[in-house]
Amino acid sequence: GEDVEQSLFLSVREGDSSVINCTYTDSSSTYLYWYKQEPGAGLQLLTYIFSNMDMKQDQRLTVLLNKKDKHLSLRIADTQTGDSAIYFCAERASRGSYIPTFGRGTSLIVHP
Amino acid sequence: EPEVTQTPSHQVTQMGQEVILRCVPISNHLYFYWYRQILGQKVEFLVSFYNNEISEKSEIFDDQFSVERPDGSNFTLKIRSTKLEDSAMYFCASRGRSEQPQHFGDGTRLSIL
């Protein structure tokens with residue numbers, strides 16, 4: 001079945017860039033999402049990319065998609081302490097189920 | 001920006017008791033979902049609901065679970081006889097048209113004693 005893998009932790013210094021990586025197995029994945037979960041809160045949709053795109057930029061966020069390697073990354077420029085959270089990668093196929101498959105989440109820790 | 005709201009934020013229940021988790025999806029959304037996240041684990045799909053019926057459910061969603069949309073705004077998840085392993089965060093989500101992403105609520109933390 002589909003699987004989504006992420007590293008569990010990432011620690012960066014405030015002001016540096018953060019890069020959170022994700023790999024997935026389903027070659028029919030069409031939509032790939034990044035969600036942010038702050039402590040005690042729900043999943044906030046940050047951005048998503050359609051599989052015919054290589055890159056999407058939205059202010060400090062840049063999503064890169066390598067469809068051949070089934071690799072997705074989220075780059076956060078000028079990382080701030082408020083960016084500390086768990087970041088979930090998710091993918092879903094275009095046909096059949098609209099249910100996304102989530103990774104375990106990457107805990108981003110931003111220190112001064 | 002409209003959001004999905006869930007109540008209560010934390011529910012503590014004795015094992016064997018029934019519990020109802022409530023959600024108010026975004027008002028013009030058509031598709032509704034429940035997920036759960038056991039502490040430290042992945043977000044797991046439970047059930048999807050469209051046009052007043054279940055459209056898809058996972059293996060987790062067995063006979064002790066049920067969903068309902070009792071009126072035009074609420075979407076509920078009922079667990080009939082709770083078990084210790086039902087302790088988790090439960091997230092409600094909704095979406096509009098087919099290609100739109102899901103929007104999640106802040107979750108209900110369910111603790112079974």
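Each chain gets a letter, A, B and so on, in the order its sequence line appears, and its residues count up from 1. None of the values given here were measured: they were computed from a predicted structure.
- Of residues 43-53 of chain B, those residues with a non-hydrogen atom less than 4.5 Å from any non-hydrogen atom of chain A are, in numerical order, Val43(B), Phe45(B), Ser48(B).
- With sequence neighbours left out, the salt bridge (Lys or Arg N to Asp or Glu O under 4.0 Å) criterion links Lys70(A) to no other residue.
- Open room surrounds NZ on Lys57(B); 12 or fewer heavy atoms of other groups in view lie less than 6.0 Å from it.
- Looking at Glu38(A), neither its backbone nor its side chain comes within 4.5 Å of chain B, counting heavy atoms on both sides.
- Only the side chain of Leu45(A) comes within contact range of chain B, with heavy atoms under 4.5 Å apart.
- Every residue two or more places apart in sequence or in another chain was checked for a salt bridge (Lys or Arg N to Asp or Glu O under 4.0 Å) with Asp86(B), and none qualifies.
- Taking a 6.0 Å sphere around CG of Asp63(B), one finds it holds 12 or fewer heavy atoms contributed by other residues, nucleotides or ligands.
- For Glu59(B), the CD atom sits in a loose shell: 12 or fewer heavy atoms of surrounding residues, nucleotides or ligands are nearer than 6.0 Å.
- Rounding to the nearest 0.5 Å places CD of Gln102(B) at 13.0 Å from OH of Tyr31(A).
- Contacts between residues 15-23 of chain B and chain A, counted as heavy-atom pairs separated by less than 4.5 Å, involve no residue at all.
- With a 6.0 Å radius and a threshold of 12 heavy atoms from other residues, nucleotides or ligands, Leu39(B) has its CG atom at or below the threshold.
- Lys42(B) NZ to Asp3(A) CG: the interatomic distance, rounded to the nearest 0.5 Å, is 4.0 Å.
- Contact between Phe91(B) and Leu43(A) at its shortest, heavy atoms only, is CE2-N, 4.4 Å.
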